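Here the structure is laid out as structure tokens; the discussion comes afterwards.
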Amino acid sequence: MGWLAAFGALVHELVGFRSHIATLFASDFTASYRGTTLGIAWNILLPMLPVSVYVLLAKLRVFPAIEGISPEVYIGFNITLWFLFTGLINHPIHVVRSRGTGAMKTAIPLSATIAASFARLCFDTLVRVVLVALLMIATSTMPTIGTLAFVPAAFAGLVFFLGLGLALSILNVVYPDIERVITITLQYGIFVSGVIFPIASMGPLAMLETLNPFNVFIQAARDLVFFGALTHPAAFFAWTIGGVLLLLFAARLFHLTEYRIRGLAE
């Protein structure tokens, strides 16, 4: 099966199981606060917590104003995209790793379970986006007309990291160390991804500015929202094309091995 055919098969699978995806998301969403006093408020407060920690540090002047943007907005904006992109990598790995549980032995495909986890990730991201918007209002940080291009720029990053997450989720079945390596890499990677400080100001590490896909997509989105133009358009478009190819490759790899991962292959 070719790359495009495999991608189409996955999309068709997701459409066919859309009601199951909604049910899985609703079940996870309600289970996370069932029996608590604050109830659904936890689903709003918890996604804000990691962002608020960095914003508080920025407010205490731990981080200086960078690129003419208030440190609260700079950190909040970057960390929101960081959690979105890293979630696209981690969620498929975690779902596929849980293939031995009862839920993975049902007729519901892995792709539907992953999609349900992405629904929760999207909700958490929406909460953080609202927080960043409030920070922009509070600090009088005005977006530019380039904000209209933010969605396709962020979508380009989503395509790349979704492809990376799907590919790594399959490879992790064969080499379980991959998940641990990814965890360690991301813990340190945040410091060299332009999330807290611009890579261009980090001396010898400045060479990573166009070589680190996290930095490329986060910087592109930030550039469009606050400055209206890309700093490194060539790098952005190169990683975007690479992301499309990566997603198509990962979709084929995932589709061909899904039943074996779920333990249903003969």
Side-chain angles (χ1 to χ4, degrees), residues 1-15 77-96 110-111 114-115 117-119 121-122 124-126 128-129 146-172 178-179 181-183 185-186 189-190 192-195 198-199 207-225 229-258:
M1 179 179 290
W3 291 12
L4 288 176
F7 180 78
L10 277 181
V11 172
H12 183 267
E13 192 172 66
L14 293 176
V15 172
F77 184 92
N78 294 345
I79 205 71
T80 294
L81 287 178
W82 170 262
F83 283 129
L84 173 61
F85 292 156
T86 56
L88 292 169
I89 296 174
N90 288 323
H91 283 228
I93 293 176
H94 294 163
V95 169
V96 173
L110 281 170
S111 57
I114 292 174
S117 72
F118 284 160
L121 177 63
C122 290
D124 291 349
T125 301
L126 178 61
R128 292 167 183 146
V129 167
T147 301
L148 298 176
F150 166 78
V151 173
F155 183 76
L158 184 150
V159 167
F160 178 88
F161 291 109
L162 173 58
L164 184 60
L166 289 177
L168 290 175
S169 70
I170 300 301
L171 295 176
N172 188 63
I178 287 179
E179 182 175 9
V181 171
I182 292 298
T183 299
T185 301
L186 293 180
I190 189 173
V192 290
S193 298
V195 176
I199 295 182
M207 62 176 293
L208 296 176
E209 189 171 23
T210 57
L211 298 179
N212 185 335
F214 283 107
N215 180 74
V216 170
F217 289 114
I218 291 175
Q219 184 180 38
R222 189 175 65 245
D223 283 345
L224 291 171
V225 171
L230 296 173
T231 301
H232 300 290
F236 172 74
F237 288 113
W239 280 106
T240 297
I241 295 172
V244 172
L245 296 176
L246 177 60
L247 179 58
L248 292 177
F249 167 78
R252 182 176 185 273
L253 179 65
F254 190 90
H255 180 74
L256 293 178
T257 57
E258 180 175 359

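Not measured: the values here are computed from a predicted model.
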For E179, enumerate each residue passing the salt bridge (charged side-chain N to carboxylate O under 4.0 Å, His left out) test, keeping only those at least two apart in sequence or located in another chain. R97
Identify the heavy atoms of L81 and A221 that sit nearest to each other, and give their distance. CD1-CB, 3.6 Å
Does any part of the side chain of L168, heavy atoms only, come nearer than 4.5 Å to the side chain of I89, both counted from C-beta? yes
Separation of T231 OG1 from Q219 CD (nearest 0.5 Å): 4.5 Å
pair T210-F236: side-chain heavy atoms closer than 4.5 Å: no
Of all heavy-atom pairs linking S117 and V95, the shortest is OG-CG2, 4.2 Å
Identify, with sequence neighbours excluded, every residue that meets side-chain hydrogen bond (donor to acceptor under 3.5 Å, both in side chains) alongside N90. none
Do V244 and F160 make a side-chain contact, defined as non-hydrogen atoms from C-beta onward lying under 4.5 Å apart? no
Are the aromatic ring centres of F217 and W239 under 6.0 angstrom apart? no
side-chain contact (heavy atoms from CB on, under 4.5 Å), that's the test. Do N215 and L208 meet it? Break it down for me. CA-CA 8 Å; N215 180 74; L208 296 176; over 6 Å; no
So V129 and T80, side-chain contact (heavy atoms from CB on, under 4.5 Å) or not? Walk me through it. CA-CA 7 Å; V129 167; T80 294; 4.1 Å; yes
N172 side chain near V96 side chain, heavy-atom distance below 4.5 Å: no
Scanning both residues in full, the closest heavy-atom pair of I199 with E209 reads CG2-N, 3.7 Å
Spacing of CD1 belonging to I79 relative to OG1 belonging to T86, to within rounding of 0.5 Å: 8.0 Å
Could you check whether any side-chain heavy atom of F118 comes within less than 4.5 Å of a side-chain heavy atom of P92, counting everything from C-beta outward? yes
Which pairs with one or both residues in residues 229-248 pass salt bridge (Lys or Arg N to Asp or Glu O under 4.0 Å), sequence neighbours excluded? none
Nearest 0.5 Å, what's the CG-CG distance between L253 and L248? 12.5 Å
Verify side-chain contact (heavy atoms from CB on, under 4.5 Å) between L186 and I190, making sure each step is shown before the conclusion. CA-CA 6 Å; L186 293 180; I190 189 173; over 6 Å; no
Between F161 and F214, does a ring-ring contact (aromatic ring centres under 6.0 Å, His included) hold up when you go through it step by step? CA-CA 9 Å; F161 291 109; F214 283 107; 4.4 Å; yes
For N78, all residues meeting side-chain hydrogen bond (donor to acceptor under 3.5 Å, both in side chains), sequence neighbours excluded: R222
Is there a side-chain contact between T147 and L224 (heavy atoms, below 4.5 Å)? no
Which residues pass the side-chain hydrogen bond (donor to acceptor under 3.5 Å, both in side chains) test with T125, not counting sequence neighbours? none
What's the spacing between D223 CG and H232 NE2 if we round to 0.5 Å? 8.0 Å
Between L121 and L88, which heavy-atom pair has the shortest distance, and what is it? CD2-N, 3.8 Å
I'd like to know whether L211 forms a side-chain contact (heavy atoms from CB on, under 4.5 Å) with V216, so could you lay out the CA-CA distance, the side-chain angles of the two residues, the decisive distance to 0.1 Å, and finally the verdict. CA-CA 8 Å; L211 298 179; V216 170; over 6 Å; no
The side-chain hydrogen bond (donor to acceptor under 3.5 Å, both in side chains) partners of N212 (sequence neighbours excluded) come to S193
Any chance CZ of F150 has more than 12 other-residue heavy atoms, nucleotides or ligands included, within less than 6.0 Å? yes
Locate the shortest heavy-atom distance separating T240 from A156; write the atom from each residue and the value. OG1-CB, 3.6 Å
Nearest atoms (heavy-atom pairs only) where A167 meets A250: N-CB, 3.8 Å
Straight-line distance of I182 CD1 to S169 OG, nearest 0.5 Å: 11.0 Å
Between F83 and D124, is there a side-chain heavy-atom distance shorter than 4.5 Å? no
